[in-house]
Every structure is written in structure tokens, then in C-alpha cells.
Amino acid sequence: DERIESEMKFDNLNVEARDHVLFMGLNRPAKYNAFDLDLYRSLSLAYGELERDRDLRCGVLFAHGDHFTGGIDLPQWAPRFAEGKFIEPAEGGLDPLALDENRTVSKPIVVAVQGWCLTIGLELLLATDIRIAADNTRFAQIEPKRGIYAIGGATVRLQQEIGWGNAMRYLLTSDEFSANEALRLGLVQEVVPVGAQLPRATAIAMTIAQQAPLAVQATLRSARIARSHGAPAAIGQLAPDLVPLINSEDAKEGIASFIERRTGRFIGK
């Protein structure tokens, strides 16, 4: 495989491009990958790179160490919260939690989680597209235990994913739930043995990266419009958004590969 070491260097985040996939590894294992302000901004820059680099087609978000994340470093974030503000992404970055589809990365992200996946960890997972969990993962949205509530998207996205009652069951109690419960609820797509979560997420991301990039992004955009604005809005864009695709070089390659019974070789144009 082709490995390209990213020019982005962070102490708290490992970033590597390989075979059209950008790997983003949370790297504060001694702190249970707790999100301080610097880690959040580093991750935003990695998302910005994924968006801008035409050679990148998919992202994989994962974490080094035994845990995905123990949550936010609340003493750092609390002063911002007290001002009624959230943490802005770094200049040139994209908000990893963005609720506005016009301000989020337009390429799919697969996430691999293990151990603790608390507060911002669960919200980051909700903001991704395909989720793989190790069988020891423990999820919880524990903000009410700390006198606050989730403002990174959980109150919006969790009910969309698992239904109102299921979401309230965990948002209002701060209770933990297991990887198998997350699978039952449809929050994650696969549960695998500890250590297999990143290889499995990688395999899925590599499969996505082999598809026609413009078609993948159009698919993701259409689904997001349906979720945010309803089916009629998405339906109204189906035919118009197909026009540039059908006239693309990749569509011509797709037809040729179908006729010739071979795998398509797509370039994103």
C-alpha cells in the first residue's frame, strides 16, 4: 500500500495518509485521550486537510491506547461555556462536531472506538458515518452528572439515530451502555474483539476509497439533506445533482469498467 506521511505534525494527534484515506489517531493515552482545547483544534485541522486534499477520499478516526476518550477536560472548556460560546475550530480547520452540513467535511468518516467513549467521544461518533466498536467499549453522555448538558450534538443526533425514548434513556440518566447495546440500538454498525476495531474500520474505509469519489460525496450529501431538511428537499436534488456526475470522467470510466468487466479506476474528476 502507498503510505504518505502527512505534513501535519501534532503532539496529541497522529495524522497519516494512505491509499486515499486519512487516518487521524487521538494520541493522549496517558490522559485517556481527554479533549483539551489543543486536541480539539488539532482534530479540526485534520478534518480541514481531509476536506481540502483532492487525493483524500475517506477518513478514519481512532485512538491510541486503551480508551477512545474519557471526555472533555472540563476545567479548560468551562470558561468558554460560561460565556455562552463553544470552541471554534482552528483557522483552516473544520468543526468535527458541526451540525450544519454546509460547514462539515463532505467526505465520509469511519470511526473505531474502544474502552471509554464518553461525552465528546459519543458526540464525535454521532458525527461520523460508519462506526465500529470494540466489544469492551463503554458509552455514556454524563454531562448531567456534572451540572451541564451535551452541546456537541448528542441532543440532536442521538434521537435521530436510536429514537426518542432510547435517547432520553441515556441522555437524562448519564448511565453507561455497552457496545452490544449500542449495536442493538443501531448506534454502531459492528462490534469486534478488542484490537480488531481499527483494522475493520480501515477495511471499510479502503473499500469506500475505491469507489468513484464524486459519487460517494454526492451520496453522502443527498442523505444528509434528507436527514436535515426532509425527504422532499433531497428528492428535489436527485436529478440536478446527477447531471455533473453523469458527465464526469469517472462516470465514463464506470461505464467502461462495467462493459469490460473490471474494477473501475477512478480519479475524482
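- No side-chain heavy atom of L122 sits less than 4.5 Å from a side-chain heavy atom of Y170.
- Scanning all heavy atoms of the two residues, the minimum distance from R227 to Q160 falls at CD-OE1, 3.6 Å.
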Inset, instruction - Verify side chain to side chain contact (heavy atoms under 4.5 Å, CB included) between L198 and V60, making sure each step is shown before the conclusion. - result: CA-CA 8 Å; L198 180 55; V60 171; 3.8 Å; yes
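- Between V191 and A179 the shortest heavy-atom distance is CG2-O, 3.5 Å.
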Inset, instruction - Would you check, one step at a time, whether the test side chain to side chain contact (heavy atoms under 4.5 Å, CB included) holds for D241 with L245? - result: CA-CA 7 Å; D241 286 352; L245 285 182; over 6 Å; no
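- When atom types are taken as modelled, the side chain of R52 and the backbone of G92 share a donor-acceptor pair closer than 3.5 angstrom.
- When all heavy atoms of P199 and G195 are compared, the closest pair comes out as CD-O, 3.5 Å.
- In this structure the side chain of F258 never reaches within 4.5 angstrom of the side chain of E260, judged on heavy atoms.
- The two residues I162 and N166 have their closest heavy-atom pair at O-ND2, 2.8 Å.
- Of all heavy-atom pairs between L183 and Q189, the closest is CD1-O, 3.6 Å.
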Inset, instruction - Could you walk me through whether F68 and L26 pass the side chain to side chain contact (heavy atoms under 4.5 Å, CB included) test, one step at a time? - result: CA-CA 8 Å; F68 185 68; L26 309 181; 4.1 Å; yes
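- Each of R221, E51, R224 was evaluated against S106; a single residue qualifies, E51, per the side chain to side chain donor-acceptor pair (under 3.5 Å) test.
- The local environment of CZ in R54 is sparse, with at most 12 non-hydrogen atoms from other residues, nucleotides or ligands closer than 6.0 Å.
- Side-chain atoms of T104 never come within 3.5 Å of backbone atoms of D100 as a donor-acceptor pair (strictly under, hydrogens ignored).
- Clustering ILVMFWY residues whenever any of their side-chain heavy atoms sit less than 4.5 angstrom apart, transitively, puts L214 in a cluster other than the one holding I246.
- For F23, the CZ atom is densely surrounded, since the number of other residues' heavy atoms within 6.0 Å is greater than 12.
- Heavy-atom neighbours of R262 CZ from other residues, nucleotides or ligands within 6.0 Å: above the threshold of 12.
- The same ILVMFWY cluster, assembled from side-chain heavy atoms under 4.5 Å apart, contains both F10 and M24.
- Under the 30°/60° scheme for interplanar angles, the aromatic rings of W77 and F81 are found to be tilted.
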Inset, instruction - Apply side chain to side chain contact (heavy atoms under 4.5 Å, CB included) to D175 and R169, showing your working. - result: CA-CA 8 Å; D175 283 351; R169 164 70 182 84; 2.8 Å; yes
Can you give me every donor-acceptor pair (side chain of residues 143-155, partner residue at least two apart or in another chain, under 3.5 Å) with its distance?
| unit_1 | atom_1 | unit_2 | atom_2 | d |
| --- | --- | --- | --- | --- |
| E143 | OE1 | Q141 | NE2 | 3.3 |
| E143 | OE2 | Q141 | NE2 | 3.1 |

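- Here the side chain of H20 pairs no donor or acceptor atom with the backbone of L56 at under 3.5 angstrom.
- Distance CG/D11 to CG/N27: 8.5 Å, rounded to 0.5 Å.
- By the rule that hydrophobic residues join a cluster once side-chain heavy atoms approach within less than 4.5 Å of another member, L185 and V156 end up as members of separate clusters.
- Under the 3.5 Å distance criterion, the side-chain polar atoms of S222 are left unmatched by any main-chain donor or acceptor of A218.
- Note: the hydrophobic cluster containing L39 also contains V15 (ILVMFWY, side chain heavy atoms under 4.5 Å, direct or indirect links).
- Atom-to-atom distance recorded for L43:CG and L124:CG is 6.5 Å, nearest 0.5 angstrom.
- Using a distance-only test at 3.5 Å, with no hydrogens or angles considered, no donor-acceptor pair links the side chain of W116 to the main chain of G121.
- You'll find the side chain of N180 stays beyond 4.5 Å of the side chain of R184, heavy atoms only.
- Checked by atom type and distance alone, the side chain of Q197 never pairs as donor or acceptor with a backbone atom of A133 at under 3.5 Å.
- Contact annotation: the side chain of I208 approaches that of I130 to within less than 4.5 Å [non-hydrogen atoms, C-beta and beyond].
- The neighbour count for D66 CG, taken as heavy atoms of other residues, nucleotides or ligands under 6.0 Å away, does not exceed 12.
- For R131 (side chain) and L125 (main-chain N/O), a donor-acceptor pair under 3.5 Å exists by modelled atom type.
- Side chains of V110 and R200 form no contact here, defined as non-hydrogen atoms less than 4.5 Å apart.
- Annotation: side chain of F266 is not in contact with side chain of Q211 (no heavy-atom distance under 4.5 Å).
- Checking side-chain atoms of Q114 against main-chain N and O of G65 turns up a donor-acceptor pair under 3.5 Å.
- Other residues, nucleotides and ligands contribute over 12 non-hydrogen atoms within 6.0 Å of the CG atom of N247.
- Residues L61 and V194 are members of separate hydrophobic clusters, defined by side-chain heavy-atom contacts under 4.5 angstrom among Ile, Leu, Val, Met, Phe, Trp and Tyr.
- Atoms SG and CD, on C58 and Q217 in that order, are 10.5 Å from each other to the nearest 0.5 Å.
- P108 and L220 make their closest contact through N-CD2, 3.6 Å (heavy atoms, listed as atom of the first residue, atom of the second, distance).
- Side-chain contact between L126 and L187 is present, with heavy atoms from C-beta onward closer than 4.5 Å.
- Using modelled atom types, no side-chain atom of R28 and backbone atom of N12 make a donor-acceptor pair closer than 3.5 Å.
- Remark: K252 does not engage E249 in a salt bridge, criterion side-chain N to carboxylate O under 4.0 Å.
- With salt bridges taken as basic N to acidic carboxylate O contacts below 4.0 Å, none links D53 and K107.
- Atom CG of D19 is separated from atom CE of M206 by 4.5 Å, given to the nearest 0.5 angstrom.
- Note that the SG atom of C117 and the CD atom of E176 stand 11.0 Å from one another [nearest 0.5 Å].
- Atom CD1 of I72 and atom CG of L74 lie 5.0 Å apart (nearest 0.5 Å).
- Side-chain contact between I204 and I132 is present, with heavy atoms from C-beta onward closer than 4.5 Å.
- Side chain of D73 to main chain of F35: no donor-acceptor pair is present (N/O by atom type, distance under 3.5 Å, no hydrogens or angles).
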